[in-house]
Protein chains: 2
Amino acid sequence: MKPTIYDIAKEAGVSIATVSHVINGKGKISKERREEIRRIMARMGYKPSMIASALTSKKTYALGLLVPDISNPFFAEIARAVEDEGQRYGYSVFICSTDNNDEKVERYAALLQQKKVDGVIIGTGMKEPSALEPLLRNGVPTVFLAREFPSVRVPTVVVNDYAGGAAAAQHLIELGHRRLGVLAEQDSISSSRERVRGFRQTAEAAGIWLDPALIISSGIKEGKVKALELLQRENRPTAIFCCNDLLAIGALQAAKGTGLSIPYDCSIVGFDDTVLASVTDPPLTTVAQPIEQMGQTVVQLLLRHIGQPGEPPERIVLPPVLSIRQSSSEPACDKR
Amino acid sequence: MKPTIYDIAKEAGVSIATVSHVINGKGKISKERREEIRRIMARMGYKPSMIASALTSKKTYALGLLVPDISNPFFAEIARAVEDEGQRYGYSVFICSTDNNDEKVERYAALLQQKKVDGVIIGTGMKEPSALEPLLRNGVPTVFLAREFPSVRVPTVVVNDYAGGAAAAQHLIELGHRRLGVLAEQDSISSSRERVRGFRQTAEAAGIWLDPALIISSGIKEGKVKALELLQRENRPTAIFCCNDLLAIGALQAAKGTGLSIPYDCSIVGFDDTVLASVTDPPLTTVAQPIEQMGQTVVQLLLRHIGQPGEPPERIVLPPVLSIRQSSSEPACDKR
DNA sequence: CTGAAAGCGCTTACAG
DNA sequence: CTGAAAGCGCTTACAG
């Protein structure tokens, strides 16, 4: 059978406390004993059970990561960054795809609490933050990533979505666009609301009124259909700002489907700058989120929060950067 | 403090054994007692600690998923399927990105063993399967997904990579191509070897000799550079078969970079059919893997294996399907 | 520098 | 139908 700490202790002729001490580098053990015990552990292929140690020490070295969908490239890239940064500090991560569905959020929240994870990163939207109750009630250290619920006071890492939306508007306005459409995410998603707000205010500051009929919310699946609606308006927009790259791709496809040429007939700007943005036709102008930095920062923030739960929650804002490719140009230009 | 099973037992005036029984639906408990206890658990917000139960029952309800990179869309989609299917049976999944690096594989293998996961899915390549020793030596139920190591006898789910490579060759030959190039993955990846083998044998059966100079291995990062090498050969291929979509995209970009037009000047066929394939310019002809089915099947296989460890290892082969889009056409045709 | 002992929060024979 | 008790494999004061 697999050896336990008892087997090692017996083999070494010491108590399990001593073995535990050398495992954890605690207490004072004479150098010889320590190395002797190390050798025995290696020889017997002994690795301490993290389940047993978790039961006493209250540390599982596991984190939960809630995202809408791990197969969405943006969140897959976030997950990789979180995994790597967690790994640096000895933490593993459970993936939890919620589809932005409150029930799934709540189920995962309860599950992670039962699994006694050391902390949870919430990168998913939801209608009611009460879905997080199982976590918050039980004092599981929790941080938000790229999402905010002002009613919940937890540490947060966001990108400046407002500034991102503003940058998109600025770019389009400078190109000469005046009739602007928006393809937003569901209204329950705070980051999307902020992006639209930044876009709108910047447009209005430039004297451009956003026609409410040209602002449409859409789930990722219906992006193409919703974009089609926009493009078939009698007075269709000359540019569309999409709140994520997947929606922008839907718009790209809808445009091609109706025989429009991008950016000639309509400029399209996305958000996120996932791997997708560089492979589309044409490559997508998009507001880049600093994905790797977000993942690293949120893990560090969470670990700090685990270490000192009392502190007032930090809020870290990361800047987005407009990445200009070929899906945007002057309206009805002929630069093809 | 958070209630434990003792608090519930005390409140209900029963023993902890009885509470445990109602939690697990075991033993015979009178209906009234059971419901009384249920009510108390709900009222006190009690959820059993899975750490404590794991220590006795030996079931953690956690699985490990080793992939090269969770941010690679193919594996992200696999992960989602695995997560969902695991969830159906009460399992959570740890993500483990290995970069196909033996050291990382071994580190994760040891870690997952220490975390006492109930099973592990290996969807990553590696040079030496001995990197899996920490798992195999300790009898952690393990299955392979889309990878094979004949020397290791574990249950496996693969797609018929040979047939996939063959289908790609067939398609290109039927279009009239005679000078074929291949962009393969590292040689340590069995699935890639099989794809190339199927491609080559089908070509040879049609009397077409593959020039070894036109078969290049490439990591994902260098795909573009390696594709460029192919395209700059004096006698460049009229078609390139790429062993995954990411490589195909590299080839697409390399071709565009050198002023070639796809598929006019060169046809490109990928493998995987991730979300990427439908957004490229032109959309990618690619060999589709049944990703969702792969994820579901491998989880079921693993759970069966956990249930009856003694059985001889099953090997399940899923069929790929060629998905024809616009990156392939007759050589030097002018269908644009 | 080292060990005896209690305890983490459960499950599981076993006895009644 | 229900409970007393042992045990899972560790960590952690505490004593010496």
Side-chain angles (χ1 to χ4, degrees), chain A residues 1-38 40-41 44-62 90 111 113-118 138-140, chain B residues 1-38 40-41 44-62 90 111 113-118 138-140:
Chain A
M1 278 311 302
K2 260 173 285 182
T4 69
I5 197 170
Y6 291 96
D7 300 312
I8 304 301
K10 181 176 294 177
E11 185 73 14
V14 301
S15 75
I16 60 165
T18 302
V19 178
S20 176
H21 282 148
V22 351
I23 293 170
N24 299 296
K26 289 188 177 173
K28 315 269 100 183
I29 314 280
S30 68
K31 183 161 271 173
E32 310 97 57
R33 251 205 208 310
R34 192 175 345 119
E35 306 213 314
E36 163 76 353
I37 292 175
R38 284 247 171 75
I40 293 177
M41 295 197 295
M44 301 184 68
Y46 170 74
K47 296 277 182 180
S49 158
M50 294 184 72
I51 294 295
S53 79
L55 186 57
T56 23
S57 74
K58 306 297 165 202
K59 295 269 308 175
T60 55
Y61 289 98
L111 188 64
Q113 189 278 118
Q114 286 196 66
K115 289 206 183 264
K116 304 299 173 194
V117 296
D118 294 335
N138 290 289
V140 181
Chain B
M1 278 313 301
K2 259 174 287 180
T4 70
I5 197 171
Y6 291 97
D7 301 312
I8 305 300
K10 181 177 293 177
E11 184 74 15
V14 300
S15 74
I16 60 166
T18 301
V19 177
S20 176
H21 282 147
V22 351
I23 292 169
N24 299 296
K26 288 189 177 171
K28 315 270 97 180
I29 313 279
S30 68
K31 182 160 271 171
E32 309 97 56
R33 247 201 209 314
R34 192 172 349 118
E35 307 214 315
E36 163 75 354
I37 292 175
R38 285 247 171 75
I40 293 176
M41 294 197 296
M44 300 182 69
Y46 170 73
K47 296 275 183 183
S49 159
M50 294 184 73
I51 293 295
S53 79
L55 186 57
T56 23
S57 73
K58 305 298 164 200
K59 296 267 309 173
T60 54
Y61 288 97
L111 188 64
Q113 190 277 118
Q114 286 196 67
K115 290 207 182 262
K116 304 299 172 194
V117 297
D118 294 334
N138 290 290
V140 181

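Protein chains get the first letters and strands the later ones, always in sequence-line order, with residue 1 at the start of each. Hydrogens, waters and symmetry mates are skipped; everything else that's a heavy atom, side chains included, is used. Quick caveat, the model's predicted, so the values are computed rather than measured.
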query = Does some side-chain heavy atom of B/Arg33 sit less than 4.5 Å from a side-chain heavy atom of B/Val22?
reply = no
request  = Applying side-chain hydrogen bond (donor to acceptor under 3.5 Å, both in side chains), name anything that partners A/Gln114, two or more places apart in sequence or on another chain.
outcome  = none
query = Taking CD from B/Glu36 and P from D/dC1, how many angstroms apart are they, rounded to a whole number?
reply = 17 Å
key: Short side-chain N/O contact from B/Arg33 to OP1 or OP2 of D/dT2, under 4.0 Å   = yes
Residues that B/Tyr61 engages under ring pair (Phe, Tyr, Trp, His ring centres under 6.0 Å), provided they are two or more places apart = B/Tyr91
query = Tell me, for nucleotides 10-16 of chain C in 5' to 3' order, what letter each nucleotide earns: B for a base near a protein heavy atom under 4.0 Å, S for only sugar-phosphate near one, - for neither?
reply = BBB----
key: Which residues share a side-chain contact (heavy atoms from CB on, under 4.5 Å) with A/Ala12, sequence neighbours left out   = A/Val14, A/Ile37, A/Ile40
remark   = On DNA chain D, more 5' by nearest nucleotide between B/Ser15 and B/Leu55 is B/Ser15
remark   = For B/Lys59, the salt bridge (Lys or Arg N to Asp or Glu O under 4.0 Å) test, sequence neighbours excluded, returns B/Asp118
From D/dC8, D/dC1, C/dG3, nucleotide with atom closest to B/Lys58 side chain = D/dC8
ask   = So what's the dot-bracket for DNA chain C: Watson-Crick or G-U pairs under 3.5 Å, [ ] if a pair crosses, | if it pairs off-strand?
value = |||.||||||||.|||
Those residues that, when tested against B/Ile16, pass side-chain contact (heavy atoms from CB on, under 4.5 Å) (two or more places apart) = B/Ile5, B/Tyr6, B/Ala9
Residue pairs fulfilling salt bridge (charged side-chain N to carboxylate O under 4.0 Å, His left out) with at least one residue in residues 49-58 of chain B, sequence neighbours excluded = none
OP1 or OP2 of D/dG3 under 4.0 Å from side-chain N/O of B/Thr18 = yes
query = Starting at NZ of A/Lys116 and ending at C1' of C/dG9, how long is that distance when rounded to a whole Å?
reply = 9 Å
message = The criterion is side-chain hydrogen bond (donor to acceptor under 3.5 Å, both in side chains); which residues satisfy it with A/Ser15, sequence neighbours excluded?
response = A/Thr18
